[in-house]
Structure formats: structure tokens, C-alpha cells
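Atoms within each ligand, like the ligands themselves, are counted from 1 in listed order. Remember, it's a predicted structure, so these values are computed and weren't measured experimentally.
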Amino acid sequence: VLAEDREKTNRVAAEIVGGAAANDFENRYARKDGSVIHMLWSAYWSDADKIMFAVGHDITERARHAAALNQAKEDADRANRAKSEFLSRMSHELRTPMNAILGFAQLLEMDALTSDQSEGVKHILRGGHHLLELINEILDLSRIEAGRMSLSLEPVQLEPVLRETLALVHPLAAERGVRLNSLPHCDAFILVDRQRLKQVLLNLLSNAIKYNRLNGSVTIRCEEENQHVRILISDTGAGIPANRLADLFTPFERLGAEQSTAEGTGLGLAVTKRFVEAMKGTITVESERGEGSTFAVEFARVKSPLENAELVDALAEAPPAVSAGEYTILYIEDNLSNLLLIKRVLQHRPGVKLLSANNGIRGIDLARETQPDIILLDLNLPDMAGRDVLLCLRADPQCAAIPIIVISADATRGQIDRLMRVGASDYLTKPLDVKQFLGTLDRGLREGELAALAS
Ligand code: ADP
């Protein structure tokens, strides 16, 4: 018996002699050639015969499989962790330079340019957005596949989401001369993640526009049933051959569209299908060659969560205006190009003074000294984690009430939730959407003003 197993073997043998039967006792033996075998024993003691009767099975093979399985699982877990880490890092590394490219191109676009220059800037922006879309879709896809997609399913009113999405695809439709037929009235609530639903609709609508014919149209319909709501998006494009329908949702499969002028990654529908299924919905497609295609998504219908919808609407619409005055904004950021970008953006807000700190400690000191109206905070600082800066400011009575907007390249849901939980007022991702940034800033300033009035 292998030295490590001798003690338990002796103990169990004594128990059996004492009258206890053993059914699944395992131990190991060393052979003369040094190899080790695993045995599984059933045994009992016969008092009459004064003999122990035992049956042993050689389970060496099984034990080896179990050990290999265990090892494989450990390896897979390790690889999975490395993959998550890689994704988060890639998201950051790729998005940070995109911030400078798209940000400065957006600013250039606002300047007076010659038509050649303006054409060039348009190319930069188009290329940049395409790359960003690809980064986002690859991240989404890998996140879903790693089972790391966080969704918050809640009752969402369909119509406003449809309206917002339609507004987003309007320029694309206008560019391609595609008519968007007006939206049907639909006040049903469905159980979805609002952001992901928007992504799904955006993908389907932009496909319906991209793969349409000249002067074609896109029609949206809603079918409300007791338990479900179905959203149907129909186009008047060339349609999809029946034998290719199954490939639609395969990643990187573009069904020949790579030869056309329609830009794409071939990932949109793969991500869309996974999102829909993660929200417990279904997606189907019907297509007629030469007539067009209809994509339908269906979700569970739920009751409206608003007891008093009118009151909520009135509150949301109350317009607290920012009075023209002097505001100070502190930006804690070590990356100069990001700082320059914000500086340039703020030139569109006269009356706003920008202070900056290129590390966390200096940032905290400046916040205490100057009591800014808003703090913008990067998370990747040279001396301390942005999260710790946030905690430190929140714990300081002098600074606790100052709105803090986190601006980070880490767009992972978990990270956003963590920062919001420890006191961030808002979380914006890089590459910065200039309009969204200004909107968030105005909202922060308004809130600060209201708080000051109340105190
Ligand atoms: P992408 O649009 O980026 O190429 P998608 O995954 O969204 O990727 O779509 C995959 C392919 O399916 C497209 O390249 C196109 O050939 C085809 N397709 C998608 N939607 C439609 C549509 N509404 N009409 C015709 N073909 C479509």
C-alpha cells in the first residue's frame, strides 16, 4: 500500500473487522516497477469464518480520467480568466487611441475647411467609427461567449426606444434615399435590457436600410399579444436566398455583401441573435427574392411599472436651466491628448474654466483648494487608481457633494456598475461622444446649482 494511504487502510480494515461493511473504499498500491494503481474495495468481515471477504476493482484508468478532467477544467478556467483580462485590456488599449482620432476629427469637422479637407475628415470619421464598431462587436461577442454579459432585464416601454433608434438611423436612410415609414402606435412594455434592445433594433434597422434598393422603404410594425410583443422590420431590398438564411447569424458571414458598397463587419446579426436570446426573446426572418426581407423579434410582454405615468413624465420634463455664470471644472487625467480634447470642447461653453491635474494626489489637493463645480475623472492615473481618488473625494466633507463624472476607456458593464456604486455621478466611455459629454456636463452643472439653491 502506498505510504500515504497506509494509515487510512489500516483504520478502515480495523472498522471492517469490528463489523462495519465497506462499499466504496479507495486506496493506492505501488507495484514493483514503481507504477501506482488505484483500487476500489467492497469488504465485510465474516465472524463465523473469521475471514474478511473483499472484492477489489482496479480503477486506475478511471482515476486517471478524473484527474485529467480536473486538470482540463482548471486549465480552461485559467484560460477563461486570461481571456476576460485580455478583453478588458484590449478594450482599453484600442479605445484610448480611438478617443484621440475620433475626438479631434469631430473638432476638425466643426472648423472652416476646404472641401478637400472636409472630405478627408469625413473619411477619418467614417473609418474611425467603423473600427470602433468592430471593436465593440468583437467585445460583445466574446463577452457573451465567455458568459460574462451582464444584462438588466426590466420593463421597458417599446415606443420611446423605437423612436430614439429611428432618429439615430435617420441620417443613414436620408443618405441612401430610403424612406422610413412612420411608426405605429404601441404603448406595450416588454421585459428587456433597454441598451441591448436599442442595439438590436439599431442593427436590424441599419441592415434594412443598407441592404435596400434605391428609393426603397423600411416599415416597422408592432404586434401586441397577451403574453408577447413582436416587432417586425421589413425592407424592400433584394432579399436573401432561402439556402443562405441559416448563415445569416454566423459571425463574419457577409453573404457576398463584401463585394458591394455596403460597409459591414458580418458580426451585427450574430451579436443581435445572441442579445435577443439572452433577453429570452426570439428572432426570425422571412425573405422573398426581389421583394425584400422581414426580420421579427419577439419579447415577453409585461405590465407598466409606472403607477402614475403623468407625474413621472412631468418630473422628467421640468426644465431647470443653467444660468449663465462662471463655472470651474477640474479634469484629473494624465493623457495629454484627452485633456486637450476636453479643453477644445469646452471652448464651446464660454464661462467655464478648466483646471487640470495629471495625477490623483494633485487632483485631490486641487479639488479641496478650488472646490470646482464638477470633477472629471480618468480611472488610469499614474500614482493611484481612479477609483481610490473617487473614494477619497467622497469621504472628504469638503468635496463629498461635488458631482464626479468618470471618463474611462473601460466600457465593461461590471466596471461601470462598480464605479456608480461607489459614488460616480455619471460614467462616460472613451472615445468621447462630444454631444453626450456636453449634455452630461450641463446636467451636472444644473444639479449642482439646484443643490446650492436648496441649501
Ligand atoms: P454586416 O451588415 O456587418 O455585413 P450582419 O451580420 O448584420 O453584418 O449581416 C450579415 C449579412 O446578412 C450581410 O452582410 C448581408 O449580406 C445580409 N443581410 C443582413 N440584413 C439583410 C437585409 N435586411 N436584407 C438583405 N440582406 C441582409
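- Given atom 7 (O) of ligand 1, the protein heavy atom at minimum distance is N207 ND2, 2.8 Å.
- Looking only at atom types and distance, the side chain of S408 has no donor-acceptor partner in the side chain of D378 under 3.5 Å away.
- Around atom CD of Q227, no more than 12 heavy atoms belonging to other residues, nucleotides or ligands sit under 6.0 Å away.
- Within 6.0 Å of NE2 in H130 there are more than 12 heavy atoms belonging to other residues, nucleotides or ligands.
- Residue F249 does not touch ligand 1, judged by heavy-atom distances below 4.0 Å.
- Of the protein's heavy atoms, D235 OD2, 2.8 Å lies nearest to atom 23 (N) of ligand 1.
- The shortest contact between atom 16 (O) of ligand 1 and any protein heavy atom is with R254 O, 2.8 Å.
- An N or O contact shorter than 3.5 Å is missing between I240 and ligand 1 by distance.
- Every atom of ligand 1 is numbered from 1 in the order shown, and the set under 4.0 Å from a heavy atom of L255 is 12 (O), 16 (O), 17 (C).
- Atoms of ligand 1 found under 4.0 Å from any heavy atom of S293, numbered from 1 in the order shown, are 24 (N).
- Ligand 1 has an N or O atom lying under 3.5 Å from an N or O atom of K210, backbone or side chain.
- When hydrogens are left out, the protein atom nearest atom 2 (O) of ligand 1 is Y211 OH, 2.8 Å; that is the closest non-hydrogen contact.
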- Query: Going through the checks in order, is the side chain to side chain donor-acceptor pair (under 3.5 Å) test met by T272 and N203?
  - Reply: CA-CA 7 Å; T272 298; N203 267 334; 2.9 Å; yes
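- With salt bridges taken as basic N to acidic carboxylate O contacts below 4.0 Å, one links R244 and E253.
- Atoms of ligand 1 lying under 4.0 Å from at least one heavy atom of A257, given by number and element, are 14 (O), 16 (O).
- Scanning all protein heavy atoms for the shortest distance to atom 3 (O) of ligand 1 gives T265 N, 2.7 Å.
- Side-chain atoms of N70 and E74 include no donor-acceptor pair closer than 3.5 Å.
- Considering backbone and side-chain atoms together, L269 places an N or O closer than 3.5 Å to an N or O of ligand 1.
- When each atom of ligand 1 is checked for a heavy atom of L248 under 4.0 Å away, the hits are 12 (O), 17 (C).
- Considering backbone and side-chain N/O atoms, E253 never comes within less than 3.5 Å of an N/O atom of ligand 1.
- No side-chain N or O of Q415 forms a donor-acceptor pair with one of T412 less than 3.5 Å apart.
- Taking each of G266, G292, G264 in turn, the one with a heavy atom nearest to atom 8 (O) of ligand 1 proves to be G266.
- Expressed to the nearest 0.5 Å, how far CD1 of I190 lies from CD of E298 amounts to 10.5 Å.
- R179 and N181 are linked by a side-chain donor-acceptor pair at a separation below 3.5 angstrom, with hydrogens and angles left out of the test.
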- Message: I'd like to know whether T294 forms a side chain to side chain donor-acceptor pair (under 3.5 Å) with E286, so could you lay out the CA-CA distance, the side-chain angles of the two residues, the decisive distance to 0.1 Å, and finally the verdict.
- Response: CA-CA 5 Å; T294 297; E286 281 174 15; 6.0 Å; no
